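One structure is given here, and the rest of the page talks about it.
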Amino acid sequence: MGNIIDRRAFLKVVGGSGVGLLAPGCVLAGGPSGEKDGQIKLPREWAEPPGEFSQAPFWFWNDALTEEEIARQMADFRAHGVYAFVIHARAGLPRSIGWLSDAMIRYMRFSIEEAARRGMWVILYDEGMYPSGSSSGQVVAENSAYRTRAFFAVDLDEARPGTEVRGIRIDSDGKVELREGQNLVAEVRRKKNGHRIAVVDRAASEGRSVIRGLHFLEDDPPRRADHKEVRENAPPGADILNPEAVECFIRLVYQRYYDEFGGHFGKTVRAIFTDEPSMLARGAERGAAAGTTGILEQVNSFLGYDFTEHLPALWYGDEPDAARRRADYNRALRARLEETFYQPISRWCERHGVALTGHPAGPGDIGQLRYFQMPGQDIVWRYIEPGKASALEGGQSTQGKCASSAMIHLGRRRNVNEYCGAYGHNFTFEEMKWLTGWLVVRGCNLLIPHAFYYSVRGPRIDERPPDVGPNNTWWGQYKPFADACRRLCWLNTDSRHVCEAAILGLNDSLPWRAAKVCFENQIDFNYLEARHLWEDAEVGADGIRIAGMHYKALIVEVEPPEKAKAAVEKLERAGRVIRWADLRDEAEGVLRLRKLVTDDVRLTPAARGVRVRHVVKGGTDYYILFNEGQEAASFRLETAAKGARRRLLDPETLARRPVERDALLSMGPHELKVVAQLRQR
């Protein structure tokens, strides 16, 4: 496993001293909040937030491009409060503008230079569509050995001699007859029935394990009456578990970007976005298990036991303890992916003065986020919705906290979330605002809406809809919303998160049951990847100290890795561990938590639909309040922080009013407010 990337070099890249971009008329405040006539004086950034904190929407380049239209759309973005964007080449581009062709590079250069001229900033995207890692098939075109590989299993006791099973030939003696490019991983017996199983690794078949392409198969297809997707080209995916294939990908994409636009790196070009790299790409063959040549030895080393005899569990669910064995294997592969894919790209970005951002493939892949200078996650496909259990339950519900927790514990300044993609044409502005509140109250401070479409001509309008920007009916109302997003992202940046509870997570999964109870009782928490306990946290009788945080309670809902057990046991002896599975009920968990951590926030009466994030910035306590629920809520906000002067702030209208400490606060469904409370000195 690699060490955490040195973070000091990136302050200037992710918005530190010297590179903050300002919205029109913005003036940076010179110091912390002050007092005037006994009232709270808010920093000027609250009213006029810098462009550094702008949304950075995916900008789908999905049709014939012109410099005039690019410039017009950029001016339109800026007029509506959007000062950044992700250049995202997308399905619908004409074949004359191929991936990283001279034409594409020319339009990219124009948009970057235009952004610099207009005081905007840019994130580059590292792939022709997605998932990342193949450079739109160019990696495989350079070397066919870099094609995505996988493990396949054949039951030798069931296969007929002289036949072929999943691309694997069985000879007349019932043995595997290896072809060029195929390797026998192991021959083992199933525990269930004693059958002999041969496991072979080989390259994906033609047309399988591909990525989405940039061009429709027809030059200009009509919009389909049945609204099904128009077919597009499908380049072959690359073997991102192979470091040589990844080295080729870096050279073809990242180095090409630097060669073309390096003068803008760390200034107008702030980051490069990698999108859900997948070990099997898309459309994998039936029976394919992620893997590559030689990977089993590394799996065994990571797990601390020989996985060979458990290989059948990857295909047969009736093998003993199959679910756990599969989880172990996948966890080991994700750890390997950190070394082969994320680490070398992260180091390249560090050397070249730009941040790696984007998100991994899985919602709980917090381990891979340590290689992102701007860690991120992905809220799409209606994974999270207002009024649905998914907002608090299931693996997808961990995403907002996943990215913000990684930011804090890794010493990063920003964390991102792609959101709104593929929510459908029935997606509403109200839902977009709700998703924004959902993310902000969990600590997100760089919002990446999916997406602003360059064109909605023909079938483009149905490509992972909707357009949430200029081509939507709500565009005329967008600027106050965009301004509010900048204020909230400013508030979540360079501030201290007040939180004393941590929930233990693994490198590829984060528990949600305890998190749900914490959210509903306004006990804030962060996810702590178990690796921190043996790599970079101080663990003592008073709790866990890491990156300026002091956690006085650790919630354990999943079995810790072997290396973390000593630290967990030390905390347990000090009475600082709550094993969620051992509780009688949720009430006991809340009671034990409140005894261990400072009772920072209480809502009276209880309001289970309201989420609270408490940050301290410039000597002022700010409480972000978001009514995530469907019902109105009225409560008194009790806080441990001292200070009698309070202001209730509306980030969208800039309305503010005094509010007494014992005043009843009322919030409608999906409403977000901020309470500013000046600290007593």
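Predicted, not measured: the structure shown is a model, and the values here were computed from it. All heavy atoms count here, side chains included; hydrogens, waters and symmetry mates do not.
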### Query
Does the side-chain hydrogen bond (donor to acceptor under 3.5 Å, both in side chains) test come out yes or no for T639 and R646, once each step is laid out?
CA-CA 11 Å; T639 63; R646 287 180 172 179; 3.3 Å; yes

### Task
Start with the C-alpha gap between W434 and E628, add the side-chain angles, then the distance that decides, and say whether side-chain hydrogen bond (donor to acceptor under 3.5 Å, both in side chains) holds.
CA-CA 7 Å; W434 182 91; E628 196 167 288; 5.8 Å; no

Cut-off 3.5 Å, side chains only: do [X] and [Y] have a donor facing an acceptor?
| X | Y | value |
| --- | --- | --- |
| N415 | S404 | no |
| Q373 | T357 | no |
| E418 | H359 | yes |

### Task
Show your working on salt bridge (charged side-chain N to carboxylate O under 4.0 Å, His left out) between E660 and R645 and close with a plain yes or no.
CA-CA 7 Å; E660 300 299 324; R645 301 184 190 88; over 6 Å; no

### Message
Go through it in stages, so that I can follow the logic: the residues are N417 and I448, the test is side-chain contact (heavy atoms from CB on, under 4.5 Å), and I'd like the CA-CA distance, side-chain angles, deciding distance and then a yes or no.
### Response
CA-CA 6 Å; N417 268 267; I448 299 188; over 6 Å; no

Please say whether the positively charged group of [X], taken as NZ for Lys or CZ for Arg, lies over the ring of [Y], i.e. under 6.0 angstrom from the six-membered ring centre and within 45 degrees of the axis.
| X | Y | result |
| --- | --- | --- |
| R442 | F519 | yes |
| K267 | F265 | no |
| K401 | F525 | yes |

Can you name the closest pair of heavy atoms from [X] and [Y] and give their distance?
| X | Y | value |
| --- | --- | --- |
| F635 | P605 | CB-O, 3.7 Å |
| P57 | V82 | CD-CG1, 3.6 Å |
| P651 | L672 | CG-CD2, 3.8 Å |
| I123 | A56 | CD1-CB, 4.2 Å |
| K479 | A79 | CD-O, 3.5 Å |
| Q55 | C485 | NE2-SG, 3.3 Å |

What's the separation between atom [atom1] in [X] and atom [atom2] in [Y], rounded to the nearest 0.5 Å?
| X | Y | atom1 | atom2 | answer |
| --- | --- | --- | --- | --- |
| T598 | E500 | OG1 | CD | 3.5 Å |
| L533 | L554 | CG | CG | 6.5 Å |
| S390 | W512 | OG | CH2 | 11.0 Å |
| E520 | L603 | CD | CG | 12.5 Å |
| R513 | I503 | CZ | CD1 | 12.0 Å |
| E631 | M667 | CD | CE | 14.0 Å |

Measuring only between side-chain heavy atoms, which start at C-beta, is [X] closer than 4.5 Å to [Y]?
| X | Y | value |
| --- | --- | --- |
| L649 | L42 | yes |
| Q399 | L510 | no |
| F53 | T493 | yes |
| W580 | V556 | no |
| W534 | V539 | no |
| F58 | F452 | no |

### Message
Checking the side chain of H550 only, and the main-chain atoms of D542 only, is there a donor and an acceptor separated by less than 3.5 Å?
### Response
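Yes, the answer is positive, given that a donor and an acceptor are paired below the 3.5 Å cut-off.
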
### Task
Using modelled atom types only, decide if a donor and an acceptor are shared between the side chain of R412 and the backbone of L410 within a distance under 3.5 Å.
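Yes; judged by distance alone, with no hydrogens or angles, the pair exists.
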
### Query
Given N492, which of V440, L446, V441 fulfils the side-chain contact (heavy atoms from CB on, under 4.5 Å) condition?
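Per the side-chain contact (heavy atoms from CB on, under 4.5 Å) rule, the option paired with N492 is V440, out of V440, L446, V441.
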
Less than 4.0 Å between a side-chain N and a carboxylate O, is that true for [Y] and [X]?
| X | Y | answer |
| --- | --- | --- |
| R487 | E48 | no |
| K673 | E671 | yes |
| R656 | D650 | no |
| E529 | R370 | yes |

### Message
Run V122 and V86 through side-chain contact (heavy atoms from CB on, under 4.5 Å) and show every step you take.
### Response
CA-CA 6 Å; V122 177; V86 181; over 6 Å; no

### Query
When the aromatic ring centroids of F85 and W121 are compared, is their separation below 6.0 Å?
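Ring centroids of F85 and W121 are no less than 6.0 Å from each other.
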
### Message
Before we go on, tell me: are the rings of F77 and Y83 under 6.0 Å apart, centre to centre?
### Response
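No, they do not, as the ring centres are separated by 6.0 Å or more.
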
### Task
For salt bridge (charged side-chain N to carboxylate O under 4.0 Å, His left out), just list the numbers for E572 and R579, CA-CA rounded to whole Å, side-chain angles, deciding distance to a tenth of an Å, and then say yes or no.
CA-CA 9 Å; E572 201 153 25; R579 293 191 178 269; 2.9 Å; yes

### Query
Between K433 and E652, does a salt bridge (charged side-chain N to carboxylate O under 4.0 Å, His left out) hold up when you go through it step by step?
CA-CA 11 Å; K433 290 183 176 182; E652 189 161 319; 3.3 Å; yes

### Task
Before giving the answer on side-chain contact (heavy atoms from CB on, under 4.5 Å), spell out for L435 and I384 the whole-Å C-alpha distance, their side-chain angles and the decisive distance to 0.1 Å.
CA-CA 8 Å; L435 284 171; I384 307 296; 4.3 Å; yes

### Message
The test is side-chain contact (heavy atoms from CB on, under 4.5 Å); show your working for L596 and R576 and say whether it passes.
### Response
CA-CA 7 Å; L596 287 173; R576 299 202 173 273; 4.1 Å; yes

### Task
Taking salt bridge (Lys or Arg N to Asp or Glu O under 4.0 Å) as the test, write out the residues that go with D76, two or more places apart.
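With sequence neighbours excluded, D76 shows a salt bridge (Lys or Arg N to Asp or Glu O under 4.0 Å) to no residue whatsoever.
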
### Query
Do the rings of Y478 and W475 sit parallel, tilted or perpendicular, given the 30° and 60° boundaries?
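Ring orientation, 0 to 90° scale: tilted.
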
### Task
Describe, in one word, how the ring planes of H614 and Y623 are oriented to each other, choosing from parallel (under 30°), tilted (30 to 60°) and perpendicular (over 60°).
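Taking Y623 first and then H614, their aromatic rings lie parallel (interplane angle under 30°).
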
### Message
Show, in sequence, the C-alpha distance, side-chain angles and deciding distance for Q630 and H670, and conclude whether the side-chain hydrogen bond (donor to acceptor under 3.5 Å, both in side chains) test is met.
### Response
CA-CA 7 Å; Q630 302 294 95; H670 308 173; 2.5 Å; yes

### Query
Quick one: side-chain hydrogen bond (donor to acceptor under 3.5 Å, both in side chains) partners of T436, sequence neighbours excluded?
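side-chain hydrogen bond (donor to acceptor under 3.5 Å, both in side chains) check on T436 returns Y419.
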
### Query
Where do Y551 and H409 land on the ring-ring contact (aromatic ring centres under 6.0 Å, His included) test, with the steps shown first?
CA-CA 12 Å; Y551 298 118; H409 298 148; 5.6 Å; yes

### Query
Are D662 and R636 close enough, and set up right, to give a salt bridge (charged side-chain N to carboxylate O under 4.0 Å, His left out), and what steps lead you there?
CA-CA 6 Å; D662 60 351; R636 289 177 176 82; 5.9 Å; no

### Task
Kindly determine whether Q677 and T620 satisfy side-chain hydrogen bond (donor to acceptor under 3.5 Å, both in side chains), including the steps that lead there.
CA-CA 6 Å; Q677 179 174 301; T620 297; over 6 Å; no

